Every structure is written in C-alpha cells, then in structure tokens.
Amino acid sequence: MRIPIRFIAYFMAIALLCALSVSYVAGQDPDDQDPQSGQVMPPDPNQDPQGGQVAPPDDHPQKSKRQSEPVVVTMELSTGLIVGEEPLRVTYRVLFLQGVRLDEATFRQAMAPFTVTSIAVGKRSAVPNVKDAEMVPITYTMHLGASDAHGKYRVPPLKVGYAYDEVTIEQKVTRQGSAVSHPMNVEKVPIAVDVGSDHDIGFIGDRRKIFITIRAESSVLLMNEFMPTTPAKGIEYLSAFKPQSPFVLLEQSRTESLQSTYYVVAWTYTLAAYDI
C-alpha cells in the first residue's frame, strides 16, 4: 500500500523560515519614507493582511441584496504585494442577467494612482450553475511609479453602467443603473517572498518541487542566498538548504531576471521522502 504524505505543512514551515531569514540591505528604510498624501491607504477590513481577498460582509445575511441586482461586479488581484514598478493584474468580472445591456464604454476607466498599461475584455460566457446569467471578464494591467512610497494603496473599483427593459401588458419601461465592485488594497514593499509547490500531497518516493520566489527592488541586496566564508548564526542560506527528515534534497536550481526597477530570483528544490 502506498501511504500518502501531506507536504503542505512542510511547505508552510519553509515559507515561515524564508519569511524570517531572508535578509536584505536597501538604500533607504521603507519605515523612514513619508507616504504620499492621498495614495497610501489604511488597511481595508475586507482584505486579508496576507494579501488574499476576503468577501465583504453582507448587510442582510438571510437575504443577500445581490439576489435582486441585475448586475454584479467582482474583483480579483494577481497579488497583494507589489515591488517597484512590477505589474499588477486586476480581473473584474461583470455578472449580469440575460436581457441586461451593458455600457461597454464604462469598461475602460482611469485607475489613479496606478498607471494602466493594458485593458483586455474577454468573451461573454454563461455563469456555471446560475440560471439565465452571463459573465464578462475585464483584466487591467497597471503599476505604481518607482518613486511612489511604500505602503498600502487602494485599487479603484470598477463602475459599470447598464440598462434593461421591464415589459408589462400596458407599457415598456427602460431601467438604468450602475454596479460597482468593492475596492481592495495592495501594499508596495521593498521585497516579497512567495513559496509554492507543484503538489501538496504525495507518496513515498514521489518527487515534489518547492518554489521560492524573491521579488526585490533594484536597491535591495539579498544577504542569505550564498554562504560566505564566515556564515552568520541564525541565517538559513538558500544555496545550502537542507530539508528535514524524512525529506531528501534531490536537485536545486536558481534563475534570475532583471527589470528596470526590480529583479526576481527563483529557487527550485526537488524533494522526495523514501521513508517515514
């Protein structure tokens, strides 16, 4: 019998280790920078502090107001942390009932303080498991300026106009309105560490990969990638990483890409467990 091994707890431990041990030197401490008025936003109660998205509370939990709305706009962020002028992809999904006419001119809007580089409007499609409903995805690619201060920024909501006809025996009335997505926050930071894996569950002997991706501003110097002649105590060097038992390190590789205001370093570790 092949016994499954849950890798996810180990990956979470690696993520915590990286978050604690990735040291850097920057040209200016982000805590010493003055936030720019009107751009840095306070924490959003609808946003997870770890960068995920949390659905806003419903004012009427027994009967959602959205059940009677002909159009609903949702928002999804590609990341909760951005570095330098790194692009942020925001996907707005416009869900609407059949028979509703969308004002497609409202699909394209300014997103200050972000600079929009592209807007892609997808094809209409049916909403799974929802009767007589369709959806249009709209993806914005945007970024902050290199000189913008570190801190939280509000991603503007998208406001979509619409119209539909109410037909009765006596008359036809055209109704108009607009739907707005809930705003969310992202945080600009000097460095961010992402940890992932190809699978979180495996069997004895299976090869599983851990991905550690470090995104850092050009002025940031990583100090724990390669072990120096005199290693510092309490620092885990990425090039000398050794997994804990029962895992065995089979391979490791490193890639690096440079952009104008930031760079990305990616380490890949291939592990296996041969005994438990």
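Note: hydrogens, waters and symmetry copies are ignored here, and every other heavy atom, side chains too, is used. Note that the structure is predicted; figures quoted are calculated from it, not measured.
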Notebook entry, point to check: CE of Met184 to OG1 of Thr74: how many Å apart, nearest 0.5 Å?
Noted result: 8.0 Å
Margin query: Could you measure the distance from the CD1 atom of Ile214 to the CH2 atom of Trp267? Nearest 0.5 Å is fine.
Written below: 9.0 Å
Margin query: Please find the pair of heavy atoms, one from Ser260 and one from Ser218, that lie closest to each other, and give the distance.
Written below: O-OG, 3.7 Å
Item checked: Backbone N/O of Gly84 and side chain of Thr261: donor-acceptor pair under 3.5 Å -> no
Checklist line | Closest non-hydrogen atom pair between Thr79 and Leu88, with its separation | finding: O-CD1, 3.7 Å
Margin query: So, using salt bridge (Lys or Arg N to Asp or Glu O under 4.0 Å) as the criterion, who are the partners of Arg207 when residues are at least two apart?
Written below: Glu251
Checklist line | Met75 side chain near His182 side chain, heavy-atom distance below 4.5 Å | finding: no
Notebook entry, point to check: Considering only heavy atoms from C-beta outward, does the side chain of Pro243 approach that of Val248 to under 4.5 Å?
Noted result: no
Notebook entry, point to check: Are Phe226 and Ile212 joined in one hydrophobic group, where the rule is that I, L, V, M, F, W and Y side chains link up if heavy atoms are under 4.5 Å apart?
Noted result: yes
Item checked: Check against ring-ring contact (aromatic ring centres under 6.0 Å, His included), Phe241 and Tyr269 -> CA-CA 9 Å; Phe241 166 71; Tyr269 302 94; 4.8 Å; yes
Notebook entry, point to check: Picking from Glu187, Glu217, Lys188, what satisfies side-chain hydrogen bond (donor to acceptor under 3.5 Å, both in side chains) with His150?
Noted result: Glu217
Margin query: If you count every heavy atom of other residues, nucleotides or ligands that lies below 6.0 Å from Glu256 atom CD, does the total exceed 12?
Written below: yes
Checklist line | Minimum side-chain heavy-atom gap Met111-Leu158 below 4.5 Å | finding: yes
Check: Are any non-hydrogen side-chain atoms of Leu222 and Tyr263 less than 4.5 angstrom apart?
Finding: yes
Next item on the list: For Ser178 and Lys159, work out which heavy atoms get closest and say how close.
Entry: OG-CE, 3.2 Å
Checklist line | Nearest-0.5 Å distance that lies between atom NZ in Lys209 and atom OG1 in Thr270 | finding: 5.0 Å
Next item on the list: Apply salt bridge (Lys or Arg N to Asp or Glu O under 4.0 Å) to Glu86 and list each qualifying residue two or more places apart in sequence or on a separate chain.
Entry: Arg215
Next item on the list: Check whether any side-chain N or O of Asp132 sits under 3.5 Å from a backbone N or O of Gln98 as a donor-acceptor pair, and report yes or no.
Entry: no
Please table the atom pairs, donor to acceptor, closer than 3.5 Å between any side-chain atom in residues 112-125 and protein atoms at least two apart or in another chain.
from, atom 1, to, atom 2, distance (Å)
Thr117, OG1, Thr141, O, 3.0
Ser118, OG, Thr141, OG1, 3.3

Check: Counting distance only, does the side-chain N/O of Tyr92 pair as donor-acceptor with the main-chain N or O of Phe107 below 3.5 Å?
Finding: no
Next item on the list: Please answer whether the main-chain N or O of Glu225 pairs with a side-chain N or O of Ser239 as donor and acceptor at a distance below 3.5 Å.
Entry: yes
Next item on the list: Decide side chain to side chain contact (heavy atoms under 4.5 Å, CB included) for Glu76 and Arg93; before the verdict, give the C-alpha distance in whole Å, the side-chain angles of both, and the deciding distance to 0.1 Å.
Entry: CA-CA 8 Å; Glu76 181 180 348; Arg93 291 184 173 85; 2.7 Å; yes
Checklist line | Distance, nearest 0.5 Å, that separates CD of Glu134 from CG of Leu97 | finding: 9.5 Å
Checklist line | Close side-chain approach of Thr106 and Tyr162, heavy atoms under 4.5 Å | finding: no
Notebook entry, point to check: Between Phe211 and Val195, is there a shared hydrophobic cluster once you connect ILVMFWY residues whose side-chain heavy atoms come closer than 4.5 Å?
Noted result: no
Check: Looking only at heavy atoms, what is the nearest atom pair of Phe96 and Val100, with distance?
Finding: CD1-O, 4.0 Å
Next item on the list: For side chain to side chain contact (heavy atoms under 4.5 Å, CB included), just list the numbers for Arg208 and Phe247, CA-CA rounded to whole Å, side-chain angles, deciding distance to a tenth of an Å, and then say yes or no.
Entry: CA-CA 10 Å; Arg208 290 291 181 263; Phe247 298 99; over 6 Å; no
Note to self: For the backbone of Ile82 and the side chain of Tyr262, can you confirm whether one donor and one acceptor N or O come within less than 3.5 Å of each other?
What the structure shows: no
Next item on the list: Could you tell me the separation between the OH atom of Tyr164 and the CZ atom of Arg101, rounded to the nearest 0.5 Å?
Entry: 11.0 Å
Notebook entry, point to check: So do Val180 and Val73 actually touch side chain to side chain, heavy atoms under 4.5 Å?
Noted result: no
Notebook entry, point to check: Say you draw a straight line from CG of Asp206 to CG of Leu271; how long is it, rounded to the nearest 0.5 Å?
Noted result: 12.0 Å
Check: Does Gln171 reach the main-chain N or O of Thr168 with its side chain, forming a donor-acceptor pair under 3.5 Å?
Finding: no
Notebook entry, point to check: Does any non-hydrogen side-chain atom of Val90 lie less than 4.5 Å from one of Met142?
Noted result: yes
Checklist line | Closest non-hydrogen atom pair, Asn185 against Leu77 | finding: O-CD1, 3.8 Å
Check: Tell me, do Val160 and Asp103 make a side-chain contact under 4.5 Å, heavy atoms counted?
Finding: no
Next item on the list: Please answer whether the main-chain N or O of Leu249 pairs with a side-chain N or O of Lys242 as donor and acceptor at a distance below 3.5 Å.
Entry: no
